[in-house]
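This structure is a prediction, so every number in the text was calculated from the model and none was measured.
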Amino acid sequence: LLLSHGAERAIILPFPLSTVLKVPRRAAFVLKTEAEQCLLDRARSLADESTRRAIPQPGGMVRWGTSPAGSESFAPGVSLERSGVRWGRPLREKIEDLRIAASWITAFQAGAVLRREPWGPCATAEWIETPFAVFRGLCRAGEREERLLERAQRHAASLAGLPLPIVWRHRDFTPWNLFRAGDELRVVDWEGLRPGPALCD
(Lines give C-alpha, C1' and ligand atoms only; values in the text may rest on other atoms or scores of the structure.)
Protein backbone atom coordinates (compact mmCIF):
# COMPACT_ATOMS: atom_id res chain seq x y z
CA LEU A 1 0.00 0.00 0.00
CA LEU A 2 1.49 3.34 -1.09
CA LEU A 3 0.39 6.48 0.75
CA SER A 4 1.21 10.05 -0.24
CA HIS A 5 2.51 12.18 2.61
CA GLY A 6 2.57 15.71 1.23
CA ALA A 7 5.52 16.86 -0.84
CA GLU A 8 8.04 15.31 1.53
CA ARG A 9 7.68 11.57 1.21
CA ALA A 10 5.65 8.51 0.36
CA ILE A 11 4.79 5.88 2.96
CA ILE A 12 4.94 2.26 1.82
CA LEU A 13 3.22 -0.47 3.84
CA PRO A 14 4.33 -3.91 2.62
CA PHE A 15 2.07 -6.82 3.55
CA PRO A 16 2.01 -8.59 5.94
CA LEU A 17 2.22 -5.43 8.04
CA SER A 18 5.33 -5.41 10.20
CA THR A 19 7.42 -2.65 8.61
CA VAL A 20 6.87 0.86 7.28
CA LEU A 21 9.08 2.36 4.58
CA LYS A 22 9.36 6.14 4.34
CA VAL A 23 10.60 7.15 0.88
CA PRO A 24 11.70 10.78 0.39
CA ARG A 25 10.07 12.31 -2.69
CA ARG A 26 12.88 14.83 -3.13
CA ALA A 27 16.62 14.64 -2.55
CA ALA A 28 16.34 17.44 0.03
CA PHE A 29 14.39 15.09 2.34
CA VAL A 30 16.87 12.20 2.28
CA LEU A 31 18.91 13.67 5.17
CA LYS A 32 15.72 14.24 7.17
CA THR A 33 14.76 10.59 6.65
CA GLU A 34 18.23 9.43 7.73
CA ALA A 35 18.11 11.70 10.78
CA GLU A 36 14.76 10.24 11.83
CA GLN A 37 16.46 6.84 12.26
CA CYS A 38 18.86 8.38 14.81
CA LEU A 39 16.04 10.28 16.50
CA LEU A 40 14.00 7.08 16.90
CA ASP A 41 17.02 5.54 18.63
CA ARG A 42 17.30 8.63 20.86
CA ALA A 43 13.59 8.57 21.76
CA ARG A 44 13.71 4.86 22.61
CA SER A 45 16.81 5.37 24.77
CA LEU A 46 14.96 8.03 26.81
CA ALA A 47 11.91 5.86 27.44
CA ASP A 48 11.41 3.24 30.14
CA GLU A 49 10.20 -0.21 29.12
CA SER A 50 6.48 0.61 29.16
CA THR A 51 6.72 3.91 27.25
CA ARG A 52 9.26 2.45 24.78
CA ARG A 53 6.62 0.05 23.42
CA ALA A 54 4.83 3.04 21.88
CA ILE A 55 7.87 4.15 19.85
CA PRO A 56 8.63 2.43 16.54
CA GLN A 57 11.83 0.41 16.30
CA PRO A 58 14.15 1.94 13.65
CA GLY A 59 15.16 -0.48 10.92
CA GLY A 60 17.83 1.63 9.24
CA MET A 61 18.04 2.91 5.70
CA VAL A 62 17.13 0.55 2.87
CA ARG A 63 16.61 0.99 -0.87
CA TRP A 64 13.22 0.94 -2.57
CA GLY A 65 14.12 0.61 -6.22
CA THR A 66 16.59 3.43 -6.79
CA SER A 67 15.35 5.49 -3.83
CA PRO A 68 16.69 5.40 -0.27
CA ALA A 69 14.02 4.74 2.36
CA GLY A 70 13.83 4.79 6.13
CA SER A 71 12.51 1.61 7.70
CA GLU A 72 10.71 1.30 11.02
CA SER A 73 8.32 -1.08 12.75
CA PHE A 74 4.62 -0.77 11.97
CA ALA A 75 2.39 0.95 14.55
CA PRO A 76 -0.91 -0.96 14.83
CA GLY A 77 -4.18 0.64 15.81
CA VAL A 78 -6.49 3.44 14.71
CA SER A 79 -5.31 7.05 14.70
CA LEU A 80 -6.88 9.25 17.36
CA GLU A 81 -7.72 11.65 14.55
CA ARG A 82 -9.88 9.01 12.87
CA SER A 83 -11.44 7.59 16.02
CA GLY A 84 -12.10 11.08 17.39
CA VAL A 85 -14.44 11.99 14.56
CA ARG A 86 -16.11 8.59 14.25
CA TRP A 87 -19.89 9.09 14.23
CA GLY A 88 -21.66 7.67 17.24
CA ARG A 89 -18.53 7.03 19.28
CA PRO A 90 -19.28 7.87 22.94
CA LEU A 91 -17.67 10.97 24.40
CA ARG A 92 -16.28 8.90 27.32
CA GLU A 93 -14.22 6.87 24.80
CA LYS A 94 -12.83 10.03 23.20
CA ILE A 95 -11.93 11.35 26.66
CA GLU A 96 -10.20 8.04 27.39
CA ASP A 97 -8.11 8.53 24.21
CA LEU A 98 -7.06 11.91 25.55
CA ARG A 99 -6.25 10.47 28.98
CA ILE A 100 -4.08 7.72 27.51
CA ALA A 101 -2.23 10.18 25.28
CA ALA A 102 -1.67 12.68 28.12
CA SER A 103 -0.48 9.93 30.48
CA TRP A 104 1.94 8.61 27.87
CA ILE A 105 3.53 11.96 26.98
CA THR A 106 3.81 12.83 30.68
CA ALA A 107 5.62 9.55 31.42
CA PHE A 108 7.89 9.94 28.37
CA GLN A 109 8.89 13.50 29.22
CA ALA A 110 9.47 12.66 32.90
CA GLY A 111 12.33 10.46 31.67
CA ALA A 112 13.50 12.97 29.07
CA VAL A 113 14.31 16.00 31.27
CA LEU A 114 17.52 17.71 30.18
CA ARG A 115 17.56 20.48 32.76
CA ARG A 116 15.37 22.88 34.71
CA GLU A 117 15.65 26.57 33.99
CA PRO A 118 14.09 29.51 35.79
CA TRP A 119 11.60 31.17 33.49
CA GLY A 120 12.57 34.69 32.57
CA PRO A 121 12.89 37.22 29.72
CA CYS A 122 15.13 34.97 27.61
CA ALA A 123 12.63 32.09 27.77
CA THR A 124 9.77 34.47 26.94
CA ALA A 125 11.67 35.76 23.94
CA GLU A 126 12.57 32.26 22.69
CA TRP A 127 9.29 30.44 23.26
CA ILE A 128 6.67 33.21 22.88
CA GLU A 129 7.97 36.34 21.16
CA THR A 130 10.01 34.64 18.40
CA PRO A 131 7.30 32.15 17.33
CA PHE A 132 4.74 34.97 17.19
CA ALA A 133 7.15 37.07 15.10
CA VAL A 134 7.54 34.16 12.68
CA PHE A 135 3.75 33.75 12.61
CA ARG A 136 3.31 37.44 11.80
CA GLY A 137 5.86 37.08 9.00
CA LEU A 138 3.97 34.17 7.47
CA CYS A 139 0.47 35.56 7.66
CA ARG A 140 -1.42 38.60 8.78
CA ALA A 141 -2.21 38.38 12.49
CA GLY A 142 -5.72 39.50 13.30
CA GLU A 143 -7.18 40.97 16.46
CA ARG A 144 -7.80 37.51 17.99
CA GLU A 145 -4.18 36.45 17.43
CA GLU A 146 -2.90 39.68 18.97
CA ARG A 147 -5.12 39.13 22.02
CA LEU A 148 -3.71 35.60 22.31
CA LEU A 149 -0.16 36.99 22.22
CA GLU A 150 -1.00 39.55 24.93
CA ARG A 151 -2.46 36.81 27.16
CA ALA A 152 0.61 34.61 26.57
CA GLN A 153 2.90 37.52 27.46
CA ARG A 154 0.99 38.25 30.68
CA HIS A 155 1.03 34.59 31.68
CA ALA A 156 4.75 34.30 30.86
CA ALA A 157 5.46 37.28 33.09
CA SER A 158 3.61 35.55 35.97
CA LEU A 159 5.99 32.56 35.67
CA ALA A 160 9.14 34.61 36.31
CA GLY A 161 11.65 32.66 38.38
CA LEU A 162 9.82 29.29 38.30
CA PRO A 163 12.11 26.40 37.35
CA LEU A 164 10.46 24.80 34.32
CA PRO A 165 11.72 21.56 32.72
CA ILE A 166 13.43 21.52 29.34
CA VAL A 167 12.83 18.06 27.86
CA TRP A 168 13.14 16.11 24.65
CA ARG A 169 9.77 16.74 23.00
CA HIS A 170 8.07 15.09 20.03
CA ARG A 171 6.99 18.42 18.48
CA ASP A 172 4.17 16.84 16.44
CA PHE A 173 2.21 15.06 19.18
CA THR A 174 -1.05 15.30 17.28
CA PRO A 175 -4.05 12.97 16.82
CA TRP A 176 -2.86 11.83 13.36
CA ASN A 177 0.47 10.66 14.86
CA LEU A 178 -1.12 8.72 17.75
CA PHE A 179 -2.51 5.22 17.19
CA ARG A 180 -4.50 3.25 19.72
CA ALA A 181 -5.00 -0.49 19.78
CA GLY A 182 -6.93 -1.47 22.91
CA ASP A 183 -5.19 0.24 25.83
CA GLU A 184 -1.89 0.47 23.94
CA LEU A 185 -0.75 3.75 22.36
CA ARG A 186 1.72 4.03 19.46
CA VAL A 187 3.43 7.33 18.61
CA VAL A 188 4.87 7.86 15.12
CA ASP A 189 6.79 10.54 13.18
CA TRP A 190 9.75 11.32 15.42
CA GLU A 191 11.74 13.44 12.96
CA GLY A 192 10.96 16.57 15.00
CA LEU A 193 12.47 15.35 18.31
CA ARG A 194 14.16 18.41 19.85
CA PRO A 195 14.75 19.95 23.29
CA GLY A 196 12.21 22.45 24.55
CA PRO A 197 9.56 23.15 27.20
CA ALA A 198 7.51 20.08 28.09
CA LEU A 199 4.16 21.76 27.54
CA CYS A 200 4.85 22.32 23.82
CA ASP A 201 3.63 18.75 23.27
Side-chain angles (χ1 to χ4, degrees), residues 1-77 79-81 100-117 123 126-127 130-131 134 164-181 184-201:
L1 178 63
L2 178 63
L3 305 172
S4 175
H5 189 66
E8 288 189 14
R9 62 190 176 194
I11 308 296
I12 297 172
L13 303 171
F15 287 89
L17 286 172
S18 62
T19 303
V20 174
L21 298 176
K22 296 181 175 181
V23 183
R25 297 177 72 177
R26 296 185 191 156
F29 296 115
V30 171
L31 289 177
K32 185 176 180 181
T33 302
E34 291 173 344
E36 185 176 18
Q37 293 292 306
C38 298
L39 293 171
L40 278 169
D41 268 335
R42 170 66 57 90
R44 289 176 63 82
S45 74
L46 296 167
D48 63 22
E49 188 177 339
S50 64
T51 54
R52 190 178 304 122
R53 285 196 303 269
I55 304 170
Q57 174 75 42
M61 295 298 290
V62 297
R63 296 205 76 77
W64 181 264
T66 59
S67 302
S71 171
E72 62 188 57
S73 60
F74 174 72
S79 75
L80 268 56
E81 176 188 38
I100 287 173
S103 295
W104 187 89
I105 194 67
T106 300
F108 173 77
Q109 289 183 340
V113 176
L114 293 166
R115 61 189 180 277
R116 294 185 182 275
E117 294 179 351
E126 182 176 1
W127 301 110
T130 300
V134 170
L164 298 178
I166 300 298
V167 302
W168 285 99
R169 58 200 171 111
H170 184 281
R171 287 181 64 222
D172 201 9
F173 195 73
T174 53
W176 51 87
N177 285 331
L178 306 177
F179 291 78
R180 183 176 171 193
E184 292 283 323
L185 188 72
R186 299 290 187 274
V187 183
V188 301
D189 284 350
W190 287 86
E191 71 267 16
L193 186 70
R194 300 284 187 284
L199 289 177
C200 288
D201 280 341

Self-check item: Nearest atoms (heavy-atom pairs only) where Trp127 meets Pro195
Solution: CH2-O, 4.0 Å
Exercise. Supply the atom-to-atom distance Ser45 OG to Trp168 CH2, rounded to the nearest 0.5 angstrom.
Key: 9.0 Å
Self-check item: salt bridge (charged side-chain N to carboxylate O under 4.0 Å, His left out) evaluation trace for Glu184 with Arg186
Solution: CA-CA 7 Å; Glu184 292 283 323; Arg186 299 290 187 274; 3.3 Å; yes
Exercise. Over all heavy atoms of both residues, which pair between Pro14 and Thr19 is shortest? Give the atoms and the distance, please.
Key: CD-O, 3.2 Å
Quiz item: CD/Gln109 to SG/Cys200 distance, rounded to the nearest 0.5 angstrom?
Solution: 9.0 Å
Practice problem: Report the distance from atom CZ of Arg25 to atom OG1 of Thr33, rounding to the nearest 0.5 Å. | Solution: 12.5 Å
Practice problem: May I ask you to test the Val62-Leu21 pair for a side-chain heavy-atom distance under 4.5 Å? | Solution: yes
Quiz item: Looking at Leu40 and Pro56, what are the two nearest heavy atoms and their distance?
Solution: CD2-O, 3.6 Å
Quiz prompt | Residue pair Ser79 / Pro175: nearest heavy atoms and the distance that separates them | solution = CB-O, 3.8 Å
Quiz item: Between the side chain of Ser103 and the main-chain N/O of Ile100, is any donor-acceptor distance below 3.5 Å?
Solution: no
Practice problem: Supply the atom-to-atom distance Glu81 CD to Thr174 OG1, rounded to the nearest 0.5 angstrom. | Solution: 8.0 Å
Self-check item: Which atom of Pro58 lies closest to which atom of Asp41, heavy atoms considered
Solution: CG-OD1, 3.4 Å
Quiz prompt | Under 3.5 Å donor-acceptor, Glu72 side chain and Val20 backbone | solution = no
Exercise. Answer yes if the side chains of Arg44 and Gln57 hold a donor-acceptor pair under 3.5 Å, and no otherwise.
Key: yes
Quiz prompt | Arg9 bridged to Glu191 by N-O distance under 4.0 Å | solution = yes
Quiz item: Is Glu8 salt-bridged to Lys22, going by a charged N under 4.0 Å from an acidic O?
Solution: no
Exercise. Tell me, please, which residues at least two apart from Glu126 pass side chain to side chain contact (heavy atoms under 4.5 Å, CB included).
Key: none
Quiz item: Which heavy-atom pair separates Val188 from Ala75 by the least distance, and what is that distance?
Solution: CG1-CB, 3.6 Å
Quiz prompt | 4.5 Å side-chain heavy-atom contact, Arg171 and Leu193 | solution = no
Exercise. Using a cut-off of 6.0 Å, state whether more than 12 heavy atoms not belonging to Arg63 lie near its atom CZ.
Key: yes
Quiz item: With a 4.5 Å limit on heavy-atom distance, are the side chains of Leu185 and Leu80 in contact?
Solution: yes
Practice problem: Find out whether Ile11 and Leu2 are in side-chain contact, i.e. whether some heavy atom of one side chain is under 4.5 Å from a heavy atom of the other. | Solution: no
Quiz item: Say you draw a straight line from CG of Asp172 to CG of Asp189; how long is it, rounded to the nearest 0.5 Å?
Solution: 6.5 Å
Quiz item: Which residues satisfy the side chain to side chain contact (heavy atoms under 4.5 Å, CB included) test with Phe173, sequence neighbours excluded?
Solution: Ala101, Trp104, Ile105, His170, Leu178, Val187, Asp201
Quiz prompt | Pair Arg115 + Glu117, salt bridge at N-O below 4.0 Å | solution = yes
Practice problem: Enter the distance from Ile166:CD1 to Arg194:CZ here, rounded to the nearest 0.5 Å. | Solution: 15.0 Å
Quiz item: Does Thr51 reach the main-chain N or O of Ala47 with its side chain, forming a donor-acceptor pair under 3.5 Å?
Solution: no
